[in-house]
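In this text, all values refer to a predicted model and were calculated from it rather than measured experimentally. Counting begins at 1 with the first residue of the sequence.
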Amino acid sequence: MTAQERRNKIVEILKNAKEPISGSDLAKRFGVTRQIIVQDIAILRAKGIKILSTPQGYIIDIVKENTVKRVFAVKHGYDRTEEELNLIVDNGGKVLDVIVEHPFYGEIKGLLMLSSRYDVSKFMEFVKEGKATLLSSLTDGVHLHTVEGENKEVLDRIQKVLKEKGFLIE
């Protein structure tokens with residue numbers, strides 16, 4: 001299989017995937033190193049294919065119809081991260097990203113794509129094992145989340161519960 005054939009197959013796999021697929025899983029499928037997959041993904045992105053890298057793996061950025069998004073400004077310490085994320089997913093939201101405003105680098109954005117307690121649990125496990133640091137640690141806990149929901153009512157409910165629990169910055 002040529003490199004181009006492998007890249008075409010990666011796109012096909014990601015388009016048909018219901019969940020993100022890790023670079024390691026793709027590497028095993030093709031009998032190459034994870035670094036080769038990382039390079040393939042970079043080349044595919046350079047060609048305009050919208051591949052997202054999430055904590056769970058790679059996915060093709062597919063715009064869902066009939067959903068709405070809202071950005072929430074929040075502040076909390078590390079100890080309340082799991083609670084905040086679970087409140088969002090328990091109320092029908094999908095946490096698409098986390099954004100912080102760094103004084104030197106400007107806006108820094110990390111894709112999360114968390115839509116269930118399982119996703120939140122896996123994310124927190126990754127952080128607790130020391131494999132990642134929360135971006136909000138750079139900004140004294142202040143950060144933004146872009147949240148997707150089925151409709152405005154879902155986002156209103158999430159906003160209400162985040163406010164009640166003291167997460168929202170007003």
Side-chain angles (χ1 to χ4, degrees), residues 10-30 32-42 44-45 49-64 67-100 102 107-150 154-155 157-159 161-162 165-168:
I10 289 171
V11 171
E12 182 182 323
I13 289 168
L14 294 177
K15 280 184 177 178
N16 292 320
K18 303 240 187 280
E19 299 178 339
I21 300 174
S22 74
S24 297
D25 287 345
L26 289 170
K28 286 177 192 171
R29 286 186 193 197
F30 294 106
V32 297
T33 65
R34 193 181 73 72
Q35 188 56 39
I36 295 292
I37 298 298
V38 170
Q39 291 172 10
D40 286 343
I41 297 294
L44 291 167
R45 285 176 173 156
I49 299 170
K50 295 188 183 229
I51 299 174
L52 303 177
S53 178
T54 74
Q56 299 87 14
Y58 297 111
I59 58 170
I60 297 279
D61 186 15
I62 299 170
V63 177
K64 286 187 176 179
T67 62
V68 292
K69 295 178 186 174
R70 187 177 300 169
V71 176
F72 295 101
V74 294
K75 180 178 181 178
H76 59 81
Y78 169 83
D79 60 319
R80 295 193 71 200
T81 301
E82 191 165 8
E83 176 188 3
E84 175 217 25
L85 296 171
N86 280 331
L87 284 171
I88 295 169
V89 300
D90 287 351
N91 283 282
K94 179 176 185 176
V95 185
L96 301 179
D97 58 32
V98 58
I99 305 165
V100 297
H102 191 274
E107 184 178 285
I108 301 173
K109 181 180 192 175
L111 297 176
L112 296 178
M113 309 307 252
L114 307 173
S115 58
S116 68
R117 277 188 172 255
Y118 176 77
D119 292 345
V120 171
S121 173
K122 295 302 282 182
F123 173 74
M124 291 306 299
E125 182 180 310
F126 196 75
V127 172
K128 288 174 186 171
E129 290 175 356
K131 296 178 182 170
T133 303
L134 297 176
L135 285 178
S136 60
S137 67
L138 300 172
T139 56
D140 196 31
V142 175
H143 57 287
L144 306 173
H145 284 301
T146 307
V147 177
E148 180 181 79
E150 287 182 10
V154 168
L155 297 178
R157 183 173 61 238
I158 292 167
Q159 184 168 330
V161 74
L162 289 174
K165 297 292 185 174
F167 287 106
L168 279 186

Atom CG of residue position D140 - does it have more than 12 heavy atoms of other residues, nucleotides or ligands inside 6.0 Å? no
When you look at F30 and D40, which way does the side-chain contact (heavy atoms from CB on, under 4.5 Å) test go after all the steps? CA-CA 12 Å; F30 294 106; D40 286 343; over 6 Å; no
Not counting sequence neighbours, which residues clear side chain to side chain contact (heavy atoms under 4.5 Å, CB included) with R45? List them please. I41, I51, S53, Y58
My understanding is that only residues two or more places apart in sequence, or in another chain, count here; which of them pass side chain to side chain donor-acceptor pair (under 3.5 Å) with S115? D119
Sequence neighbours left out, what passes side chain to side chain contact (heavy atoms under 4.5 Å, CB included) with V11? Give chain and number order. K15, L44, I49
With the side chain counted from C-beta on, respond yes when R157 and V161 share a heavy-atom pair under 4.5 Å apart, and no when they do not. no
Check E82 with K128, please: is the shortest side-chain N to carboxylate O separation under 4.0 Å? yes
Going by the rule ring pair (Phe, Tyr, Trp, His ring centres under 6.0 Å), which residues pair with F167 if we only count those two or more places apart in sequence or in a different chain? H76
Report yes if some heavy atom in the side chain of L138 is under 4.5 Å from a heavy atom in the side chain of I108; otherwise report no. yes
Short side-chain donor-acceptor distance under 3.5 Å, T54 and Q56: yes
Pairwise side-chain contact, I37 with V32, heavy-atom cut-off 4.5 Å (strictly under): yes
Taking atom CD as the centre, does E83 end up with more than 12 heavy-atom neighbours from other residues, nucleotides or ligands that are less than 6.0 angstrom away? yes
Side chain to side chain, H143 and I99, heavy atoms closer than 4.5 Å: no
CZ of F72 to OG1 of T146: how many Å apart, nearest 0.5 Å? 10.0 Å
Using 0.5 Å steps for rounding, measure from the CZ atom of R34 to the CD atom of Q39. 11.0 Å
With rounding to the nearest 0.5 angstrom, report the CG to CZ distance, L87 to R80. 8.0 Å
List the residues meeting salt bridge (charged side-chain N to carboxylate O under 4.0 Å, His left out) with K165, not counting sequence neighbours, and say none if there are none. none
Going through the checks in order, is the side-chain contact (heavy atoms from CB on, under 4.5 Å) test met by L134 and Y78? CA-CA 8 Å; L134 297 176; Y78 169 83; 3.4 Å; yes
Does K50 form a side-chain contact (heavy atoms from CB on, under 4.5 Å) with I60? I'd like the steps, not just the answer. CA-CA 6 Å; K50 295 188 183 229; I60 297 279; 5.7 Å; no
Side chain proximity check, E148 to V68, heavy atoms < 4.5 angstrom: no
Side-chain contact, heavy-atom cut-off 4.5 Å: D97 with L112? no
Test side-chain contact (heavy atoms from CB on, under 4.5 Å) on L52 and M113 and set out the steps. CA-CA 10 Å; L52 303 177; M113 309 307 252; 3.7 Å; yes
Distance check, rounded to the nearest 0.5 Å: L114 atom CG versus S121 atom OG? 11.0 Å
Point-to-point distance, once rounded to the nearest 0.5 Å, from OG1 of T139 to NE2 of H102: 9.0 Å
Using a 4.5 Å cut-off on heavy atoms from C-beta on, say whether the side chain of E84 contacts that of L162. yes
How about V147 and R70: do any of their side-chain heavy atoms sit closer than 4.5 Å? no
Side-chain polar contacts of residues 19-28 - donor-acceptor pairs under 3.5 angstrom, sequence neighbours left out - could you list them?
| unit_1 | atom_1 | unit_2 | atom_2 | d |
| --- | --- | --- | --- | --- |
| S22 | OG | D25 | N | 3.0 |
| S22 | OG | D25 | OD2 | 3.3 |

